> 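Dumping the structure here so I can ask a few things about it.
Within every chain, numbering begins at 1; the chains are lettered A, B, ... in the order of the sequence lines, protein sequences first and strands thereafter. What you see is a predicted model; the values in this text were computed from it and never measured.
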There are 2 protein chains.
Amino acid sequence: MEIKPVPEHVTIRDVAREAGVGVGTVSRVLNERVYVSAGTRERVLTAMRRLDFRPHAQARRILRRRSGMVCFLMSNRAFMHSFHAHVLQGVENCASALKQHVIYASMHYGPSTPAGRIPIPLILQERGWVDGLILTGLVYGNFLKRIQDLHIPFVALGNNVVASRDVGDYDLVAFDEYKGANEATEYLVSLGHRRIFFVGDVSYPWFNQRYRGYLAAMRAAKLSPAGMTSKEDHGFPEYGEYAVSRLLGLKPLPTAILAGNDDVAYGVWRALTRRGSSVPENVSLVGFDDREEARLMDPPLTTVRVHKEQVGEALMKLLLEKLHRPGPPYTKRILSTELVRRESVRAL
Amino acid sequence: MEIKPVPEHVTIRDVAREAGVGVGTVSRVLNERVYVSAGTRERVLTAMRRLDFRPHAQARRILRRRSGMVCFLMSNRAFMHSFHAHVLQGVENCASALKQHVIYASMHYGPSTPAGRIPIPLILQERGWVDGLILTGLVYGNFLKRIQDLHIPFVALGNNVVASRDVGDYDLVAFDEYKGANEATEYLVSLGHRRIFFVGDVSYPWFNQRYRGYLAAMRAAKLSPAGMTSKEDHGFPEYGEYAVSRLLGLKPLPTAILAGNDDVAYGVWRALTRRGSSVPENVSLVGFDDREEARLMDPPLTTVRVHKEQVGEALMKLLLEKLHRPGPPYTKRILSTELVRRESVRAL
DNA sequence: TAAGGCTCTGGAAATGATTCCAGATGATGT
DNA sequence: ACATCATCTGGAATCATTTCCAGAGCCTTA
């Protein structure tokens, strides 16, 4: 038997010739459609293996009206920190299970640029790159408007959206910051704490939500809220340190501090221990997010865990639903958080 | 004048009709080739704007033999930690500047699975998805072999490759762990330290390199190396803690510790401070990687900075060179590190 | 004025798949 | 025996683009 040469780019036509069938039949085998006899299917599969045939992605996508790709678009961040990395991983896990691919892209723009003036991200300049968009990072209303005008399906990580009311409705996944902070505060109250301070710059939308959850819990317990919530041009840990330097002048001192996130909590912790105040003996401390480092702090930090991979999976799932049923109604999927009790809190 | 309706999917043919030219001319305008008169070009561009034409990505890619996408493939990691997130960001920065897209994918496999048995990642099951691959995470030799058999261009982040000699040659970008650790050790020596310990599990290839750099510097200074390098089933910070619990039994005690990375250094720091040993008064401490947290430690950690975004950019650039000139010779691009002096080290 | 070389253009062919239509075959029902 | 139906198959048409080829002007140059 003569050994036929294997062509460089094996196409469906080569396979058809090799198997002695028509191209339509090969395509039917490839797509596992009905109406191919067992014998023919076997011959085609053998030919595919012999020629090491792999179908061409672009050619397949051109007739189906789906690209099989979504874009994870991060706005206005110089780098991806651990939180978003986990969300991305969640998106990817869900995507690969559904045979979808994830394109990672990032972009920057100002909050006050008119929507029409925001440069279209490269990925959207051609049609057909991606079926939909996942918006993360810090998302402003003007960009939402811009995307809506492009008529491409998208979902947003709701917690990071800073948009006024005039932006139309859209799909989002968010975790419940209000409730998370609310429960954390209730927990401190249940342990006997009365003077509970909140530390976090409420000009950030997420800290704002958390602060409101804290406020509600304090009011419900008939306690008076306090702490530091002003806007400062500091990094998160520095904000925590600065807050301690200001709060320690106050009388009476707090017995517990709820920090806006784990980074702020770290700053608080550092400032406290430097001044000889010990956590949790003198002050109990609670964070938010549950990054890996929280568990490693000394003492390990009690914090509100955000299920970041779950958020990613939910974003991907919602986007895919959207692709099958575009337009309204718009879904707002709120995921709950989980209070993780560690040693940075003590009962009074 | 009558207003013509805008078709739903605007194609190059619609533009040609609108502008009163042939499809070839529209394509020439689109690709900015020579031989289109200024007047014609203007008419075509006007038609494109009027119809809001965006070319179809898949259709373009099918004739050019490039997809314009590369895959950032992370192996054997449950999640992306900050180091890889930075590398990915570097890749993306470089890619978008070169009008390329980055697909993020992850996969898992064992080090001892035969190459032929490793399941092909989804992205490679079809031809034409990506032009090339960037291998990161923990890469074993069997997978390198697998990829080489698929004849798809790739570059690897060299520091994370665990491969024996029998794997063929390949392109890589790496940062110089040997030199980084070497310089860090020399720095400690120059400050008068004589009893310098190394802490890091040398069964990891990266810790191994760093250890060898440390060894060379110690020998050059005629000092005897010591520390803990055995394999343990711990996380990195836990490894550092465990090392301290063992080393403190030794006499004489070290005056400085070079940790395998910042996480190990954190564990060392925690164990030391818990035992009442102070950094840097009793022991000087140096890490490796320079993650964000290093700067925030108390005292801020002296460490060897790895330029992670630069590594990502180099990976992307090398891959693109490879696409234009496939096959040997293979490039090994070694980036240097930078010693960042902070307060965790003191002169004796 | 003829030949040759630019510049510019239209349209057919090609790319590699899917889909649809027509037709063949064989089983089943009346 | 005939109609009907389900099963199975080949191949043309299709998708949206790029590329190639042929040809039309127009300007030099000998």
Side-chain angles (χ1 to χ4, degrees), chain A residues 6-48 51-69 99 125-131, chain B residues 6-48 51-69 99 125-131:
Chain A
V6 176
E8 196 177 358
H9 290 298
V10 183
T11 75
I12 204 175
R13 251 163 264 269
D14 298 315
V15 175
R17 200 179 319 114
E18 172 84 9
V21 300
V23 289
T25 303
V26 177
S27 176
R28 276 182 287 261
V29 170
L30 214 52
N31 295 283
E32 316 214 351
R33 289 285 150 71
V34 288
Y35 294 161
V36 180
S37 69
T40 309
R41 152 169 281 114
E42 208 41 62
R43 289 219 319 283
V44 170
L45 289 176
T46 307
M48 283 182 177
L51 298 179
D52 193 22
F53 168 75
R54 277 152 63 218
H56 192 275
Q58 323 289 350
R60 299 187 91 166
R61 299 302 177 279
I62 196 173
L63 275 192
R64 313 176 178 181
R65 297 257 166 206
R66 285 278 155 75
S67 73
M69 289 184 275
K99 305 208 166 219
Q125 284 175 16
E126 288 183 325
R127 181 165 54 93
W129 265 122
V130 292
D131 300 325
Chain B
V6 176
E8 195 175 359
H9 289 298
V10 182
T11 75
I12 204 174
R13 245 163 268 271
D14 298 315
V15 176
R17 201 179 318 113
E18 172 84 10
V21 300
V23 290
T25 303
V26 177
S27 175
R28 276 182 287 260
V29 170
L30 214 51
N31 295 282
E32 315 214 353
R33 290 284 150 73
V34 287
Y35 294 161
V36 180
S37 68
T40 309
R41 151 168 283 113
E42 209 41 63
R43 289 218 320 282
V44 171
L45 288 175
T46 307
M48 284 182 179
L51 298 180
D52 193 22
F53 168 75
R54 276 152 65 219
H56 191 276
Q58 325 288 350
R60 300 188 90 168
R61 299 302 175 276
I62 196 173
L63 276 193
R64 312 176 178 183
R65 298 265 166 197
R66 285 277 155 75
S67 73
M69 290 184 274
K99 305 208 164 216
Q125 284 175 18
E126 288 183 324
R127 181 164 53 92
W129 264 123
V130 293
D131 300 325

> Quick one, give me the B/S/- string for nucleotides 9-16 of chain C, reading 5' to 3', where B means a protein heavy atom under 4.0 Å from the base and S means that only happens at the primed atoms, P, OP1 or OP2.
BBB--BBB

> Measure the shortest side-chain to side-chain distance between A:Met48 and A:Val26 over non-hydrogen atoms and say whether it is less than 4.5 angstrom.
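Yes, their side chains come closer than 4.5 Å.
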
> Mind calculating the distance between CZ (B:Arg64) and C1' (D:dA16) to the nearest angstrom?
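The answer, rounded to whole Å, is 13 Å.
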
> CD of B:Gln125 versus P of C:dA17: gap in Å, rounded?
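Computing the B:Gln125:CD to C:dA17:P distance gives 15 Å.
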
> Take the protein atom CG of A:Asn31 and the nucleotide atom P of D:dT9, then report the distance between them rounded to whole Å.
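So the CG-P distance, A:Asn31 to D:dT9, works out to 16 Å.
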
> Taking atom C1' of C:dA17 as reference, at what distance in whole Å does atom CZ of A:Arg61 sit?
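Taking CZ of A:Arg61 and C1' of C:dA17, I get 10 Å after rounding.
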
> Find the distance A:Gln58:CD to C:dT18:P and express it as a whole number of Å.
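So the CD-P distance, A:Gln58 to C:dT18, works out to 14 Å.
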
> Within the structure provided, determine whether A:His9 and A:His56 are in side-chain contact (heavy-atom separation under 4.5 Å).
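No, too far: nothing below the 4.5 Å cut-off.
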
> What is the distance, rounded to the nearest whole Å, between atom CG of B:Asp14 and atom P of D:dC15?
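So the two atoms are 11 Å apart, to the nearest Å.
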
> Between A:Trp129 and B:Arg61, is the side-chain contact (heavy atoms from CB on, under 4.5 Å) condition met? List the steps.
CA-CA 10 Å; A:Trp129 265 122; B:Arg61 299 302 175 276; 3.1 Å; yes

> Rounded off to whole Å, could you give me the CZ-to-C1' distance for the A:Arg60 and C:dT19 pair?
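Checked: the CZ to C1' distance equals 14 Å.
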
> Measure the shortest side-chain to side-chain distance between A:Val15 and A:Leu51 over non-hydrogen atoms and say whether it is less than 4.5 angstrom.
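Touching, per the 4.5 Å side-chain cut-off.
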
> Show, in sequence, the C-alpha distance, side-chain angles and deciding distance for B:Thr25 and B:Arg43, and conclude whether the side-chain contact (heavy atoms from CB on, under 4.5 Å) test is met.
CA-CA 11 Å; B:Thr25 303; B:Arg43 289 218 320 282; over 6 Å; no

> Given B:Pro55, which partner from the list B:Asn31, B:Ile12, B:Leu30 fulfils the side chain to side chain contact (heavy atoms under 4.5 Å, CB included) test?
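So the option named by the test is B:Leu30.
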
